[in-house]
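Data first, discussion second: the structure below is written as structure tokens.
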Protein chains: 2
Amino acid sequence: MSARPTLIHVAELAGVSLASASRALNGMVASPETVAKVRAAALSLGYIPDATARSLKLGHSLQLAFAVDDVGNPVYVEMMRAIETVVRGSGYRLQVSSTGTDPAETVDLVRSLARGYADGLVISPLRVTDELIVELKRAAVPVVVVGTLPDTVQLDTVQTDSARGVGLAVAHLVESGRRRIGFLNGPLDTTPGMSRRRGFVEAYAAHQLAPAAGSVQEVAADFTVAAGRRAALDLLSRHRDARGALALDALVAANDLLAVGAIHAALELGLQVPEDLAVVGMDDTELAGFFNPGLTSVSLGSAERGRHAAELLLARLSDPARPTRRIVVQPTLVVRASTQTDPTPEGTVR
Amino acid sequence: MSARPTLIHVAELAGVSLASASRALNGMVASPETVAKVRAAALSLGYIPDATARSLKLGHSLQLAFAVDDVGNPVYVEMMRAIETVVRGSGYRLQVSSTGTDPAETVDLVRSLARGYADGLVISPLRVTDELIVELKRAAVPVVVVGTLPDTVQLDTVQTDSARGVGLAVAHLVESGRRRIGFLNGPLDTTPGMSRRRGFVEAYAAHQLAPAAGSVQEVAADFTVAAGRRAALDLLSRHRDARGALALDALVAANDLLAVGAIHAALELGLQVPEDLAVVGMDDTELAGFFNPGLTSVSLGSAERGRHAAELLLARLSDPARPTRRIVVQPTLVVRASTQTDPTPEGTVR
DNA sequence: CTGTTAGCGCCTTCAG
DNA sequence: CTGAAGGCGCTAACAG
């Protein structure tokens, strides 16, 4: 393999100058025969323009980035699809980065991404550290945050009221006749974990639910099915008496993955869902619709949030001076079989 | 906002030369006081080095790319995690691109990605067109393909024998006493679709299964749950007589997503899984383990394939001249509740 | 240890 | 319509 051909080689082979070659390939003014010669030369050499050099010269890369903690979570996949739908056609390409749970990694990623590799960034961080905020603000390219930030931070933001979402879940369970409601949360050092906990505590008080013996709250190690199963196993065994009777009749999980883990745990313990234990998830991901039993879930409008985020980013890209916006998407409840004991489960598959 | 500070501004403010500023920031030889001055200047200006310029000069970006048709498919998530595990620590960062089903998009992506934005690429394409192969071969950076390529193509490759995988599934069902086995495939213009079909036809012949009335094969529109449900609905209704009796007692699905869709369809029709219909998936994704009922699935070693792909890529990066390798990962069967009528379903959650 | 200089590959005025 | 020349921001020789 010889070295990659550059525009110089193409120009030489075509017998024209570098400038003419560039113009010919980019559709600028050039005589038809020059275009033909240059095209032929480029083809025979297998010439591909260097994106890096192009970006440096042009000042943009036509790439946008979407950064999340865990692409394995379907909620981010839905967001990504929505973002991509908006972005496509505007000439940008989207690339996804999975940052992992380490906040330092996220900061690191933002730093490098936001300086050259992408023209804009949508980020949905689980853990918002001060350092991350600093980095987000000084990023060289526009950043849109999907999630909650301190009010003082001036950044385009799309958020949801997940505390209210938990409230919807609890209210639905209370209406369905459940009173001994447990809460399966994710890590408390995350923004979603914090706000969901607040939502649960408030709802618990509002409905005057009596605290059971032992805490009805359990914190999973992360927002995954495996962690949800383990935490649910702990929570459920803690609330079982010697005869195996369960002191809990419902569970609100902080997201669908945890909810699925919880259902799995319940089934392992020989419990029936929803008869013995009703389960509500959050995010209303595709998973909720096709799981068995169908999972009642609080939609946090992930697709809508993604769409808004992409639109905000595009808008800022075309007008860097526009005032920052903060969009709030309201949660809605989607009822399925996991909380319905009557015989008509809503076999919806979307 | 003023223009972004460059290294020149830092150097000026620190009262040193451009070169010294560069050296000071990159930890090259420099006097302690120079380092201090430059650091201070950089900090006060909020200087961030331009990644594009750096890449152009250095000739590499320290970024690797993983391109798949649909990041929504958990099999790719597992591959990605494995790749990331290998790549991390070698100094590269991984970015993911979801190309969508359009082969032209994929070609386009390879073209741009493989010229500047990344130093290497792992790609797992569903549809391998001649044009894609051409593009893969002429890519300016090393490419590793996860999937099957024509034998003549000289590229590092990691593949699996999915035809044999289908064979394992059919054999298991036959051993479990099933004889009227249907096949739920993905699109036939995809590499996996083609090879799985071959596997099914061969297995069908090998076990001397009698063809039922009407085709026992059905092709879903794509490899998703929704498409699987729809196709399964078609297939199952076609094999039901007027009294509702099912002429099929088992289904092999081309991946876990289709299998889940099929189970959903079966339940909608009032069938019991596995009593009325046993279902086998492929890929043995996390989904298979926590679905209800647990999904028997043929593992195609997605994590292992990802690991191999990453290692091949790293190896080629450090030695571009090494001979190309072709690694084959063998499928294995993982039995769970969806094919077991006896009362001990293997509630495994991994 | 430091400053000067020459590019990385490309696009784009500016003259011709 | 074409060619020559000047950078985009950075790093790596090369002298001093």
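Chain letters run A, B, ... following the sequence lines, proteins first, then strands; residues in each count from 1.
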Can a donor-acceptor pair be found, under 3.5 Å and without considering hydrogens, that links the side chain of [X] to the backbone of [Y]?
X: B/Thr160; Y: B/Val329; value: yes
X: A/Thr157; Y: A/Arg326; value: no
X: A/Asp50; Y: A/Ala53; value: yes
X: B/Thr6; Y: B/Ile8; value: yes
X: A/Tyr117; Y: B/Ser61; value: yes

With a 4.5 Å heavy-atom cut-off, do [X] and [Y] have their side chains touching?
X: B/Leu314; Y: B/Tyr92; answer: yes
X: B/Tyr76; Y: B/Ser98; answer: no
X: A/Thr101; Y: A/Arg127; answer: yes
X: A/Leu64; Y: A/Arg93; answer: no

Round to the nearest Å and state the distance from [X] atom [atom1] to [N] atom [atom2].
X: A/Leu58; N: D/dG9; atom1: CG; atom2: C1'; answer: 15 Å
X: A/Arg4; N: C/dC10; atom1: CZ; atom2: P; answer: 13 Å
X: A/Lys37; N: D/dG3; atom1: NZ; atom2: C1'; answer: 13 Å
X: A/Leu45; N: C/dG9; atom1: CG; atom2: C1'; answer: 15 Å
X: A/Tyr117; N: D/dC10; atom1: OH; atom2: P; answer: 13 Å
X: B/Asn26; N: D/dA12; atom1: CG; atom2: P; answer: 7 Å
X: B/Lys57; N: C/dT5; atom1: NZ; atom2: C1'; answer: 10 Å
X: A/Leu25; N: C/dT12; atom1: CG; atom2: C1'; answer: 15 Å

Item to check | Between the first and last five pairs of the helix from C/dC1-D/dG16 to C/dG16-D/dC1, the angle of the axes, rounded to 10 degrees | outcome: 50°

Within less than 4.0 Å of OP1 or OP2 of [N], is there a side-chain N or O belonging to [X]?
X: A/Ser31; N: D/dT2; result: yes
X: A/Arg54; N: C/dC11; result: yes
X: A/Thr34; N: D/dT2; result: yes
X: B/Ser20; N: C/dG3; result: yes

Item to check | Nucleotide nearest B/Asp50 (side chain, heavy atoms from C-beta), chosen from D/dG9, D/dT11, C/dT12 | outcome: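 Minimum distance to the B/Asp50 side chain belongs to D/dG9.
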
Item to check | Earlier contact from the 5' end, DNA chain C, for B/Ala53 and B/Ala21 | outcome: B/Ala21

Item to check | Side-chain donor-acceptor contact under 3.5 Å, A/Thr324 with A/Asp156 | outcome: no

Checklist entry - Between A/Ala21 and A/Val38, which heavy-atom pair has the shortest distance, and what is it? => result O-CG1, 3.8 Å

Item to check | side chain to side chain donor-acceptor pair (under 3.5 Å) between B/Thr52 and B/Ser55, worked out | outcome: CA-CA 5 Å; B/Thr52 308; B/Ser55 296; over 6 Å; no

Next on the checklist: Let's see if you get this right: which residues in residues 5-19 of chain B place a heavy atom under 4.0 Å from DNA chain C?
Outcome noted: B/Val16, B/Ser17, B/Ala19

Show me the protein contacts with nucleotides 14-16 of chain C, counting only N or O atoms at under 3.5 Å.
none

